[in-house]
Student: 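Below: one structure in structure tokens.
Note on naming: letters A, B, ... go to the chains in the order of the sequence lines (proteins, then strands), and numbering restarts at 1 for each one.
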Amino acid sequence: MIDPQLLKTNIEAIEENIRKRDLNIDLDKLKHLDESRRALKFESEKLRSEQKKLGKEIASASEKDKVILLEKAEKISDKVKSLSEETQQKDEEFFDAWIKIPNIVNSSSPVGKTDEDNKEIKKVGEPKNIKNPMTHLEIGENLGLIDVERASKISGSRFSYLFGDLVKIQFNLVSYTLNKLSEKGFNPTIPPVLVRENALFGTGFFPDDSDQVYEVQNDDLFLVGTSEVSLAALHTDEIIDMKNLPLRYAGYSTCFRREAGTYGKDTSGIFRVHQFDKVEMFSFCDPEKSNEEHEHILAIEEEILKDLEIPYRVVDVCTGDLGASAAKKYDIEAWIPSQQKYREVTSCSNTTDFQARRLNMRTKNEDGNTILHTLNGTALAVGRILIALLENNQQPDGSVTFSDDLGTILGVNKLS
RNA sequence: GGAGAGGUGGCUGAGUGGUCUAAAGCGCUCGCCUGCUAAGCGAGUGGGGGACGAAAGUCCCCUCGAGGGUUCAAAUCCCUCCCUCUCCGCCA
């Protein structure tokens with residue numbers, strides 16, 4: 001949610017933002033709604049003030065006066081009731097509409113409509129020349145490391161079993177990542193993966209992307225699609241001293257996604273599955289410093305991919321392709337030999353005050369309280385990194401060999 | 001899952017229908033006092049929103065776990081939900 005004051009103080013900024021994001025929103029209607037809501041509120045508060053004054057008079061009035069005053073009070077009470085109901089309705093109407101206004105994009109985000117307008121910032125690492133590269137699924141199945149066929153019998157499509165050294169590699173990768181992040185001041189965290197609706201609402205996944213989320217109906221809980229949700233909500237309703245910012249967390253969790261509307265996309269292997277594990281970075285930070293923090297998070301993501309010897313490119317996501325909560329977003333795409341393409345393996349966003357306002361998270365210093373900024377970024381999307389590792393290090397004989405450095409991180413030098 | 005107790009400001013804790021404009025204490029901030037520190041004395045001390053204003057500010061509303069209800073009037077009475085604690089049962 002963006003600051004409703006903008007309607008009064010800088011409506012041009014919202015207009016420009018809607019244009020940049022290529023959206024169609026009736027701002028005039030919203031502005032009028034806001035004005036009438038304020039007017040109603042003012043009337044309602046005035047009347048309530050009168051009612052309270054009268055109440056005090058009644059308390060100290062003589063028996064005789066009381067009868068007359070009570071009659072008067074009764075009438076006011078009715079009016080207060082109906083007026084405050086009306087005010088509440090208007091408020092709700094306004095906020096239902098306001099909540100749909102996306103975050104103001106950063107002025108440095110490239111303006112564009114679709115992912116084709118995303119801007120490549122750099123390419124790092126040289127893809128190896130692999131003749132007739134196998135897919136990660138072919139490699140994994142041949143070596144007995146991945147089984148999606150049986151998984152589909154048990155759980156349906158888009159699930160997998162991982163076996164043997166691939167499991168060992170996963171644990172070593174997670175351990176390596178958490179160690180690195182811990183050294184950089186990110187507090188390792190195992191967050192809940194079942195959350196209440198408010199956490200999803202506060203992070204901006206609800207109401208827009210509710211069809212991507214698994215729901216546990218009996219208990220009104222939802223499975224998170226990323227630990228960003230439970231990490232962001234960690235400091236809900238808190239006021240954090242600016243001296244203690246930034247607060248950085250590295251959350252390790254399983255992620256659950258329904259992948260609705262992706263039928264036919266990435267149907268093979270473990271690239272797009274309903275359940276995967278991920279280490280996620282999350283920062284609560286001084287509003288003045290969130291741009292720096294964003295670059296910092298991106299740099300860490302790059303460092304990890306370099307350590308893992310995966311060729312990648314960095315993409316600055318364009319305004320039309322940004323989610324509602326992001327002001328700016330970088331994706332990193334790893335080279336996938338079997339597709340001869342770079343594919344997304346990390347994503348980091350500066351959501352500025354958008355999530356923090358919804359979750360009511362503030363920071364204070366001598367000048368008072370302000371909404372803080374939140375940022376998130378993928379440190380390690382395990383499944384997709386495993387894909388990149390298998391495919392980029394495959395050998396013509398179907399085995400996979402890692403360099404000595406990489407082998408040290410993974411705890412495995414060769415898969416055969 | 002069963003039985004019980006309870007949720008009040010940064011903390012402790014009083015308050016069972018009307019100056020609650022939430023006592024008191026602790027903590028914190030500032031001042032006085034003072035070789036220094038402590039004690040003592042005095043003042044201040046939550047959050048959100050609105051109206052007016054260039055601003056400083058002035059006035060007002062909301063907020064006693066959350067949401068409803070009763071009433072002229074609710075921290076206080078009623079209902080629903082959430083959370084915490086104690087005991088029993090079950091359990092990795």
Side-chain angles (χ1 to χ4, degrees), chain A residues 1-10 30-99 190-202 206 215-222 230 233-245 253-254 284 287 353-372:
Chain A
M1 182 163 67
I2 64 172
D3 188 354
Q5 291 287 347
L6 281 175
L7 273 176
K8 278 173 83 178
T9 58
N10 193 359
L30 253 178
K31 190 176 167 64
H32 287 130
L33 195 56
D34 183 46
E35 278 163 3
S36 63
R37 150 186 99 103
R38 283 170 198 277
L40 255 177
K41 185 173 230 155
F42 182 60
E43 283 308 310
S44 161
E45 282 180 7
K46 228 167 47 180
L47 203 63
R48 171 73 180 144
S49 176
E50 246 178 83
Q51 188 192 28
K52 284 176 74 174
K53 265 182 214 148
L54 198 57
K56 268 168 207 163
E57 281 177 46
I58 290 171
S60 56
S62 67
E63 287 304 314
K64 252 195 242 162
D65 295 343
K66 219 173 220 177
V67 182
I68 304 161
L69 288 172
L70 277 180
E71 221 170 288
K72 203 170 151 194
E74 220 165 315
K75 278 179 200 151
I76 287 197
S77 174
D78 284 347
K79 269 196 239 166
V80 167
K81 214 167 272 176
S82 66
L83 203 51
S84 68
E85 242 166 62
E86 217 179 314
T87 306
Q88 207 178 330
Q89 253 175 33
K90 261 293 198 261
D91 261 344
E92 274 168 30
E93 197 184 330
F94 174 75
F95 277 109
D96 284 351
W98 190 246
I99 211 77
I190 296 180
V193 292
L194 281 167
V195 299
R196 293 227 178 96
E197 188 174 18
N198 189 52
L200 285 155
F201 178 81
F206 277 14
E215 180 174 6
V216 182
Q217 281 184 338
N218 280 345
D219 298 282
D220 286 325
L221 289 169
F222 301 84
S230 19
L234 177 60
H235 293 296
T236 299
D237 290 329
E238 289 182 30
I239 300 174
I240 299 165
D241 203 308
M242 206 174 277
K243 285 192 295 252
N244 299 325
L245 297 180
S253 83
T254 301
F284 300 85
D353 61 4
F354 191 85
Q355 294 179 331
R357 182 170 286 105
R358 288 180 175 219
L359 291 166
N360 191 28
M361 302 187 291
R362 290 155 290 168
T363 176
K364 68 168 173 192
N365 64 6
E366 313 78 53
D367 302 330
N369 301 337
T370 50
I371 309 280
L372 53 76

Student: If we ignore hydrogens and angles and just use 3.5 Å, is the side chain of A:Arg358 paired with the main-chain N or O of A:Phe201 as donor and acceptor?
Tutor: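 Side chain of A:Arg358 to backbone of A:Phe201, a donor-acceptor pair under 3.5 Å: yes, one is there.
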Student: Considering residues at least two apart in sequence or located in another chain, which fulfil the side-chain hydrogen bond (donor to acceptor under 3.5 Å, both in side chains) criterion with A:Asp96?
Tutor: none
Student: Say you pick atom P in B:rG47 and the same atom in B:rU37; how far apart are they, in whole Å?
Tutor: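 Result for the P pair: 30 Å, nearest Å.
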Student: What distance, rounded to whole Å, do you find between the two P atoms, one in B:rU63 and one in B:rG69?
Tutor: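 To the nearest whole Å, 13 Å.
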Student: To the nearest 0.5 Å, tell me how far A:Ile371 CD1 sits from A:Met1 CE.
Tutor: 8.0 Å
Student: Which nucleotide of RNA chain B is the first, and which the last, in the 5' to 3' direction, to come under 4.0 Å of a heavy atom belonging to chain A?
Tutor: B:rG18 to B:rC83
Student: According to side-chain hydrogen bond (donor to acceptor under 3.5 Å, both in side chains), does anything in residues 32-45 of chain A pair up with another residue at least two apart or in another chain? List the pairs.
Tutor: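 Passing the test, one end in residues 32-45 of chain A: A:Asp34-A:Arg37, A:Asp34-A:Arg38, A:Arg37-A:Asp91.
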Student: Roughly how far apart are A:Met361 CE and A:Asp237 CG, rounded to 0.5 Å?
Tutor: 9.5 Å
Student: Expressed as a whole number of Å, how far does the P atom of B:rG25 sit from that of B:rC85?
Tutor: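 Going atom to atom, P in each nucleotide, I get 31 Å.
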Student: With C1' as the reference atom in both, quote the distance from B:rC87 to B:rA74 in angstrom, rounded to an integer.
Tutor: 34 Å
Student: Heavy atom of residues 84-95 of chain A under 4.0 Å from RNA chain B: which residues?
Tutor: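 When residues 84-95 of chain A is checked for heavy atoms under 4.0 Å from RNA chain B, the hits, listed by number, are A:Gln88.
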Student: Kindly determine whether A:Phe206 and A:Asn198 satisfy side chain to side chain contact (heavy atoms under 4.5 Å, CB included), including the steps that lead there.
Tutor: CA-CA 9 Å; A:Phe206 277 14; A:Asn198 189 52; over 6 Å; no
Student: More 5' along RNA chain B: A:Lys53 or A:Ile58, using each one's nearest nucleotide?
Tutor: A:Lys53
Student: Under 4.0 Å from any atom of RNA chain B, heavy atoms only: list the residues of residues 1-9 of chain A that qualify, in numerical order.
Tutor: A:Gln5, A:Lys8
Student: Suppose you measure atom C1' in B:rG17 against the same atom in B:rC64; what distance do you get, rounded to whole Å?
Tutor: 16 Å
Student: I need the A:Phe284 CZ to A:Leu234 CG distance, nearest 0.5 Å.
Tutor: 5.5 Å
Student: If I pick the P atom on B:rC26 and the same atom on B:rA39, what distance separates them, to the nearest angstrom?
Tutor: 10 Å
Student: With rounding to the closest Å, how many angstrom separate the P atoms on B:rC81 and B:rG2?
Tutor: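 My reading of the P atoms in B:rC81 and B:rG2 gives 12 Å.
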Student: Of all the heavy-atom pairs spanning A:Val195 and A:Pro192, show the shortest one and how long it is.
Tutor: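 Smallest interatomic distance, heavy atoms only, reads CG1-O, 4.4 Å.
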Student: Got a minute to check which stems RNA chain B is part of, using Watson-Crick or G-U wobble pairs under 3.5 Å, three or more consecutive?
Tutor: B:1-7 with B:82-88, B:10-12 with B:24-26, B:27-32 with B:40-45, B:46-52 with B:57-63, B:65-69 with B:77-81
Student: Main chain of A:Ile2, side chain of A:Trp98: is a donor-acceptor contact present, judged purely on distance under 3.5 Å?
Tutor: yes
Student: Drop me the distance from A:Lys81's NZ to A:Leu47's CG, to the nearest 0.5 angstrom.
Tutor: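 If I round to the nearest 0.5 Å, the distance is 13.0 Å.
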Student: Rounded to the nearest 0.5 Å, how far apart are CD of A:Gln89 and CD of A:Glu85?
Tutor: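 A:Gln89 CD to A:Glu85 CD: 7.0 Å, rounded to 0.5 Å.
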Student: Got a second to check how far A:Leu221's CG is from A:Arg196's CZ, nearest 0.5 Å?
Tutor: 7.0 Å
Student: Of A:Glu50 and A:Gly55, whose closest RNA chain B nucleotide lies nearer the 5' terminus?
Tutor: A:Gly55
Student: Base, sugar-phosphate alone, or nothing: which one does A:Asn369 contact when heavy atoms must sit under 4.0 Å apart?
Tutor: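 The residue A:Asn369 makes sugar-phosphate contact but no base contact.
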Student: When all nucleic acid strands are considered with a 4.0 Å heavy-atom cut-off, which category describes A:Lys75: base, sugar-phosphate, or nothing?
Tutor: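 The residue A:Lys75 makes no contact with any strand.
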Student: Counting only heavy atoms not in A:Lys31, do more than 12 fall under 6.0 Å of its NZ?
Tutor: yes
Student: Which is true for A:Glu71 with a 4.0 Å heavy-atom rule: it touches a base, it touches only sugar-phosphate, or it touches nothing?
Tutor: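 It contacts nothing in the nucleic acid.
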Student: Would you check if the side chain of A:Thr363 reaches a backbone N or O of A:Thr370 as a donor-acceptor pair within less than 3.5 Å?
Tutor: no
Student: Between B:rC61 and B:rA55, how many Å separate the two P atoms, rounded to a whole number?
Tutor: 23 Å
Student: Within the structure shown, what part of the strands sits under 4.0 Å from A:Arg196 by heavy-atom distance: base, sugar-phosphate, or nothing?
Tutor: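 A:Arg196: backbone/sugar contact only, no base atoms under 4.0 Å.
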